[in-house]
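Please read the structure below before turning to the comments.
Sequence lines set the chain letters: A, B, ... in the order given, protein chains first and strands last, and positions in each chain run from 1. Because only heavy atoms are used, hydrogens play no part in the values below, and waters and symmetry mates are left out as well, while side chains stay in.
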There are 2 protein chains.
Amino acid sequence: MEKEITIYDIAKLLNLSPATVSRALNDHPAINSNTKSVIAAKAKEMGYRSNTFASNLRRQRTDTIGVIVPRLNSHFMSTVLAGMEKVVNKSSYNLIISQSLESVKKEIANAKTMFNSRVDGLLVSVAYDTDNTDHFDAFVKRGIPLLFFDRVLEHKQGTSIIIDNTKAGYEAVSHLIEQGCRRILYITGNLKRNVYADRLKGYRLALLEHGLPYLDELVMVTDLSQEAGIEAARLIQRMDKKPDGLFIANDLCAVSCMSALRKNGFSIPDDIAVVGFNNDPVSVVIEPNLTTIDYPGEKMGEIAAQSLINHLNGSLDIQNTNTIILHSELLIRQSSVKKGAN
Amino acid sequence: MEKEITIYDIAKLLNLSPATVSRALNDHPAINSNTKSVIAAKAKEMGYRSNTFASNLRRQRTDTIGVIVPRLNSHFMSTVLAGMEKVVNKSSYNLIISQSLESVKKEIANAKTMFNSRVDGLLVSVAYDTDNTDHFDAFVKRGIPLLFFDRVLEHKQGTSIIIDNTKAGYEAVSHLIEQGCRRILYITGNLKRNVYADRLKGYRLALLEHGLPYLDELVMVTDLSQEAGIEAARLIQRMDKKPDGLFIANDLCAVSCMSALRKNGFSIPDDIAVVGFNNDPVSVVIEPNLTTIDYPGEKMGEIAAQSLINHLNGSLDIQNTNTIILHSELLIRQSSVKKGAN
DNA sequence: TTTACTATTGCAATCGATTGCATGAATTTT
DNA sequence: AAAATTCATGCAATCGATTGCAATAGTAAA
């Protein structure tokens, strides 16, 4: 087991002071470039690695950004994370990732951990049932920048990065209506979450614009899991007046619902047309392929991370830039295109 | 912006020494329990949070465990991570997660980062093209315990946590043979990886045992992506002697291959029976539902983390426990059950 | 009453890197 | 040649928590 090398070891060997070694290793302009290269060479030779703790302790910062997401195992989320990592690495920051598993309780615990590990900034997409922002207050108080993405909270200063869910919902539902649907069921997640509430707004808007009535019974709140999709199919089966269109706020759920419906003898898109959300890879696995909303995950990650870093570097004030809206797009596939339409 | 509270602030206010405060907060037995509660109360009141860096610097450990995985966005991986988190939280360790995106280059970078952040231990599932373990040598040299799971490397001391891929492959292929398949195509990932190589062994074993010939042309090496599944379907289409069974080492790939095959007019399972691997949720979305190998992800995560922690606590020597094998299981669904068989 | 413990608490050094403020040498300006 | 700059480096304090080694008070044993 080898001994850990410090700047003192290097300094002693080169007859220099630790201060000089430290400055050299940080490429400080006051240090002679010859000295720098000598020190760099020696450091490498001795297998020196900087002690982050000493450094962090002294500098009062960690170069670390925390990320709290509901779940890791969605195509969307891991794309977002990839985008964040890309940006963050370039600026030599680090990422600490944790998942709330859709529970506020765990989210609170995660926030506390992040706080205690003194992240320089925090990127959050909130859980299913997060109600208030109390657990983030500590960050605000200490001036640690906080940025929400995708699933954002209402009464927050600080920046949010989102897509225009209202518009996306509007487009999805308009498309269904254009395909001849007249009774469109919206299967959604918790309406506390902006993403689902806004899509509902879009849904209502589309109905309104096309002169269709809005009916409470055609909005079904679920947890958008695969089981929820199956359960939804069961409920549809039992409905007196069956829907002829489905707008489901998550592809995975949509897909399991579709497959359950087909087992029950429904034909898609002819009996029921379906539009999902997220453009998950599974959407092109299912037959018929699922019409869905494509969602720029990687870019969202990049922009979120970049905004935070810019703020940390002082080149952008997050407080002033309030909301960044990214572009999303309806991808029309077979699941929603009725033969007779157009 | 509030000032950060330290043990010195608490000490001063209570007319005690910082040493006492530190001991009290760490529940040291030498401290009077009244004193302890007074200090605890004051700390809470003042909003004290321990400075991890100072602590880590002094104690020369971080209570942090690093995890490097190929990708986050698989059902399997996020289940593993959930298992790890569970265990790790219970022992008040933290997790740093990073993904190699299947590239050695990134894996090397990740390892370096982990090393520099001085993780107390490292859990790794290697990338597609990782050849050697040089980038982990630094850990071994410094005595930092290293544990591989699922995708493990050969010439390593230290523990590995795996399933018996040979047995799983054997069972999958035996099942296909029992269903009447005689030409079984194995679609695999890089054979450098134990998981894929071992499944191949099982494949060969099953053929051998049932008196079927092993043919090189019936092993197709791909990257197991969705595109690879489609490409595989195209190749099958072009084969003179078509296979009547498919064993595909990954559900997502299997599923896209199936759906491409069906588009080309193949009937599943009658023309071609299919078995996948991982029991990904998508396996019950596809029609017909995919027969697959169920893989205890959460448990794998738990055991991996627990073994590492036990080692760190000195209650288990990782060097001696060399390989832990978990139980896996063949889940038979419609994609592989031929009507005529049995 | 003296000695021996035990229970609590404090002192002060330590972990390794950073940085404001000198210091001394070399170079330029007047 | 003296004064003013510039360049390169060192000194020493600092970040906050931990811990070996006292020190003190209180209690029990002799």
Sugar-phosphate, base or nothing in reach of B:Tyr8, heavy atoms under 4.0 Å:
base
Classify A:Asn15 by what it touches in the nucleic acid, base, sugar-phosphate, or nothing, heavy-atom distance under 4.0 Å.
sugar-phosphate
4.5 Å side-chain heavy-atom contact, B:Gln99 and B:Met77:
no
Using a 4.0 Å heavy-atom cut-off, does B:Leu16 contact any base of the nucleic acid, only the sugar-phosphate backbone, or nothing at all?
sugar-phosphate
Would you mind telling me which residue lines up with the more 5' stretch of DNA chain D, A:Ser33 or B:Leu25, judged by nearest nucleotide?
A:Ser33
Please classify the nucleic acid contact of B:Ser22 as base, sugar-phosphate, or nothing, using heavy-atom distances under 4.0 Å.
base
Which two nucleotides bound the region of DNA chain D that has atoms under 4.0 Å from heavy atoms of chain B, read 5' to 3'?
D:dG16 to D:dC21
Between the main-chain N or O of A:Val126 and the side-chain N or O of A:Arg151, is there a donor-acceptor pair closer than 3.5 Å?
yes
Reading DNA chain C from 5' onward, which residue's closest nucleotide shows up sooner: B:Arg118 or B:Thr20?
B:Thr20
Does any donor atom in the side chain of B:Ser55 or B:Thr52 lie under 3.5 Å from an acceptor atom in the other side chain?
no
Look at all strands and tell whether A:Thr35 reaches a base, only sugar-phosphate, or nothing, counting heavy atoms closer than 4.0 Å.
sugar-phosphate
So, do A:Met46 and A:Leu13 sit near enough that their side-chain heavy atoms are less than 4.5 Å apart?
yes
Heavy atoms under 4.0 Å, any strand shown: does A:Asp9 hit a base, just sugar-phosphate, or nothing?
nothing
Atom CG of A:Asn26 to atom P of C:dG20: distance rounded to whole Å?
13 Å
Please report whether the ring centroid of B:Phe136 lies less than 6.0 Å from that of B:Phe115.
no
Any chance NZ of B:Lys299 has more than 12 other-residue heavy atoms, nucleotides or ligands included, within less than 6.0 Å?
no
